[in-house]
Amino acid sequence: MITNITTEQFNTLITASSENIILDFYSSECPPCEALAPILEDMAATYGEHLTVYKINRQENRELALQLDVRSSPTLLFYKAGVEVGTRLSGVITKSQLLDSLLTVFGIKEVGTSLKSELPETIDVLILGAGPAGLAAAIYTARAGKKTVVLKGKATSRLEMAHLVENYPGLPPITGKDLLQVMEKQAIGFGAQIIKGDVLELALGSDPKMVTTRGDFFSTKTLIMAMGKGQNQQSIENEERFVGMGVSYCATCDGAFYRGKNVVVYGNDHEALDDALMLKQLGCNTTLISYCKSNQCPSELIEQAKIKGVHYIPNAKILSVQGASMVSQIEIQLPEGKQTLDTDVVFIIQEVPSQAVLQKAGVSITSKDCIAVDREMKTNLPGVFAAGDVTCGGLQIAIATGEGVSAALSALRYIRKGV
Ligand SMILES: Cc1cc2nc3c(=O)[nH]c(=O)nc-3n(C[C@H](O)[C@H](O)[C@H](O)COP(=O)(O)OP(=O)(O)OC[C@H]3O[C@@H](n4cnc5c(N)ncnc54)[C@H](O)[C@@H]3O)c2cc1C
């Protein structure tokens, strides 16, 4: 049985206890937390005589979470006789990772659990990126009958920016946009599913691999990374330093921590507006900052924001986030000059910087910030491949599609043979 506890119960039930304890800091509206729940229930049922599992809502026990330096949900902490031991697990947590921790932290051996599968259904090939590399890969894997999902991030494919392409073999001059549409149609025609979403977290050491976006959670046998070069990314000073400490990429996941506080949403599109309105409903003093000029932003965005009481600042760029341990201020660039704004959090609703996500997942990166691959587009991790501009292979459409095809063939081989 798993018991939900509060901050007040933390000392009596955890630090004053002589038992082996797993403490799960979770949040509502958190796909990896939902995926972890049945695994923890199974662990509690199977190993109940060796350990106790407690859950604590991170949003409702924010001070304790901060005190324990818990920055993301879910985070599992392990306690032995009242003292935290071992290495914390956070983000996408698989059953095998948890079993490994039980062995190393508590010395508990696996006895075989009743858990049939971990949510959700495992797909064959997950492709990150809907540019020529990702779509070429999808055409091959979907045509081979494999369940293929392509994630299309917020960043614009570089191909979409190409005014006229004259050097793609076999085609007369064509706009980048049209060429991309043809590729997309072809992939969908073979059964590939294209879903909007930026990758927030990757767990690639396990089988299946787990991928989290703002709204979804995927389990996949193989992964092809084709996220391009991300030249659109605007760098915000200190952004990475404050992730989890006042910088967030997911208002749905973390918004409830900031009820009644000053919040900033940074983005240009309807997702940013929806997030701003949701935060306003939570009672936050909400500011929406967009970097499009006011006459270029969707007009409904401005109107709705104003009607609902969201403070709206167009044509502004966030230059830096500042604070001691938590964000307390941001510096913004306006046409008339720089300005500072007090805030407790910034929700960045634009593309998520891939480098940090990749590094955390253990993907080898070259000194030129490209994903390291061999001739078969294999990365350093089994079942994980990369293609296109992310590998810095030549920065051309034909090279991106060629690498996408190679990565697809390697992924199909991996599914067939495990190598
Ligand atoms: C102006 C311009 C003109 C060009 N003209 C030519 C030309 O004439 N001929 C030529 O051969 N090449 C040309 N190129 C280069 C060519 O467009 C690129 O080499 C090609 O688009 C690379 O393909 P890709 O699939 O690797 O990446 P991209 O096309 O950049 O696609 C990347 C995809 O990944 C997605 N993504 C990014 N981050 C994430 C994330 N975290 N999660 C999920 N998805 C994510 C993006 O949304 C996008 O769908 C041009 C480039 C530019 C900018």
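Worth saying up front: this structure is predicted, and the values here are computed from it rather than measured. When a ligand or atom number is given, it counts from 1 through the structure's own listing order. The figures that follow rest on heavy atoms only: side chains count, while hydrogens, waters and symmetry mates do not.
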Student: State whether the side chain of Thr343 and the backbone N or O of Asn262 hold a donor-acceptor pair below 3.5 Å, judged by distance alone.
Tutor: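 Pair found, side chain donor or acceptor close to backbone of Asn262.
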
Student: Is it the case that the side chain of Asp198 and the backbone of Lys154 share a donor-acceptor pair, with hydrogens and angles ignored and the cut-off at 3.5 Å?
Tutor: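 The answer is yes, because a donor-acceptor pair under 3.5 Å joins these two groups.
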
Student: Provide the closest heavy-atom pair for Val405 versus Ala136 in the form atom of the first, atom of the second, distance.
Tutor: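 Nearest pair, atom of Val405 first, then Ala136: CG2-CB, 4.2 Å.
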
Student: Would you check the N or O atoms of Gly153, main chain and side chain alike, for any that come under 3.5 Å of an N or O of ligand 1?
Tutor: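 N/O-N/O distance under 3.5 Å: yes.
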
Student: Only heavy atoms of Ala155, strictly under 4.0 Å: list the atoms of ligand 1 that pass.
Tutor: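 Heavy-atom distances to Ala155 below 4.0 Å select 46 (C), 47 (O), 48 (C).
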
Student: Which one holds for Ala226 and ligand 1: side chain close, backbone close, both close, or neither close, with close meaning a heavy atom under 4.0 Å?
Tutor: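 Looking at Ala226 and ligand 1, just backbone atoms fall under 4.0 Å.
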
Student: Short N/O distance, under 3.5 Å, between Lys154 and ligand 1?
Tutor: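 No, no N or O pair falls under 3.5 Å.
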
Student: Less than 6.0 angstrom from the centroid, inside 45 degrees of the normal: does Lys55 satisfy that with respect to the ring of Tyr26?
Tutor: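 Yes; both conditions hold, so Lys55 lies above the ring face of Tyr26.
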
Student: Check whether any N or O atom of Leu128, backbone or side chain, sits under 3.5 Å from an N or O atom of ligand 1, and answer yes or no.
Tutor: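 No - when backbone and side-chain N and O of Leu128 are compared with those of ligand 1, no distance drops under 3.5 Å.
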
Student: Atom 51 (C) of ligand 1: which of Met225, His163, Arg158 has the nearest heavy atom?
Tutor: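 Result: the heavy atom closest to atom 51 (C) of ligand 1 is in Arg158.
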
Student: When Asp124 is tested against each of Lys147, Lys221, Lys146 for salt bridge (charged side-chain N to carboxylate O under 4.0 Å, His left out), which residue passes?
Tutor: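 That would be Lys221; it is the only one of Lys147, Lys221, Lys146 passing the salt bridge (charged side-chain N to carboxylate O under 4.0 Å, His left out) with Asp124.
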
Student: Under the 3.5 angstrom rule, does the side chain of Asn61 hit a backbone N or O of Leu64 as a donor-acceptor pair?
Tutor: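 Pair absent, no side-chain N/O of Asn61 close to backbone of Leu64.
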
Student: Among Pro169, Ser157, Ala162, Gly176, which one has a heavy atom closest to atom 2 (C) of ligand 1?
Tutor: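 Ranked by closest heavy atom to atom 2 (C) of ligand 1, first place is Ala162.
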
Student: Within the side chain of Asn20, is there an N or O that forms a donor-acceptor pair under 3.5 Å with the backbone of Phe106?
Tutor: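 Here the side-chain-to-backbone pair does not exist.
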
Student: Which one of Pro132, Gly388, Gly131 has a non-hydrogen atom at the shortest distance from atom 23 (O) of ligand 1?
Tutor: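 Residue with the shortest heavy-atom distance to the ligand atom: Pro132.
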
Student: Asp24 and Leu36: which non-hydrogen atoms are nearest, and at how many Å?
Tutor: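 Where Asp24 meets Leu36 most closely, the heavy atoms are OD1-CD2, 4.0 Å.
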
Student: Kindly give the heavy-atom pair with the smallest separation between Cys284 and Tyr258, and that separation in Å.
Tutor: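 Closest heavy-atom pair between Cys284 and Tyr258: SG-O, 3.1 Å.
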
Student: Side chain or backbone of Ile399 under 4.0 Å from ligand 1, or both, or neither, by non-hydrogen atoms?
Tutor: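 Contact part for Ile399 vs ligand 1: neither.
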
Student: Would Lys229 count as a polar contact of ligand 1, with the cut-off being nitrogen or oxygen pairs under 3.5 Å?
Tutor: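 There is no such contact.
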
Student: Specify the closest pair of heavy atoms between Glu84 and Tyr79, including all atoms of both residues, with the distance to one decimal.
Tutor: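 Closest approach of Glu84 to Tyr79: N-CD2, 3.5 Å.
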
Student: Indicate yes or no: does an N/O atom of Glu166 lie under 3.5 Å from an N/O atom of ligand 1?
Tutor: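 By distance alone, the answer is no.
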
Student: Could you tell me whether Met161 and ligand 1 have an N or O pair separated by under 3.5 Å?
Tutor: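 No, no N or O pair falls under 3.5 Å.
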
Student: Would you say ligand 1 has an N or O under 3.5 Å from any N or O of Ala398?
Tutor: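 No.
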
Student: What atoms of ligand 1 come closer than 4.0 angstrom to any heavy atom of Leu395?
Tutor: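 Near Leu395, the atoms of ligand 1 are 15 (C), 19 (O).
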
Student: Could you state the interatomic distance from CG (Leu223) to CE (Met210), rounded to the nearest 0.5 Å?
Tutor: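 With rounding to 0.5 Å, CG (Leu223) is 12.5 Å from CE (Met210).
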
Student: Heavy-atom contact under 4.0 Å between Gly197 and ligand 1?
Tutor: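 Right, Gly197 reaches ligand 1.
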
Student: Against heavy atoms of Ala133, which atoms of ligand 1 measure under 4.0 Å?
Tutor: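 Listed by number with element: 25 (O), 26 (O).
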
Student: I need the atoms of ligand 1 closer than 4.0 Å to a non-hydrogen atom of Leu159, numbered in the order shown.
Tutor: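 Answer, ordered by atom number: 17 (O), 21 (O), 29 (O).
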
Student: Quick one: which of Ala130, Cys392, Ala386 has a heavy atom closest to atom 33 (C) of ligand 1?
Tutor: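 Minimum heavy-atom distance to atom 33 (C) of ligand 1 goes to Ala130.
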
Student: With respect to atom 38 (N) of ligand 1, which of Met227, Gln396, Lys196 exhibits the smallest heavy-atom separation?
Tutor: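 Answer by nearest heavy atom: Met227.
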
Student: Would a 4.5 Å heavy-atom cut-off, applied to side chains only, mark Ile224 and Met377 as touching?
Tutor: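 Answer no - side chains too far apart.
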
Student: Can you sort out which atoms of ligand 1 are near Asp198, meaning under 4.0 Å from one of its heavy atoms?
Tutor: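 Heavy-atom distances to Asp198 below 4.0 Å select 39 (C), 40 (C), 41 (N), 42 (N).
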
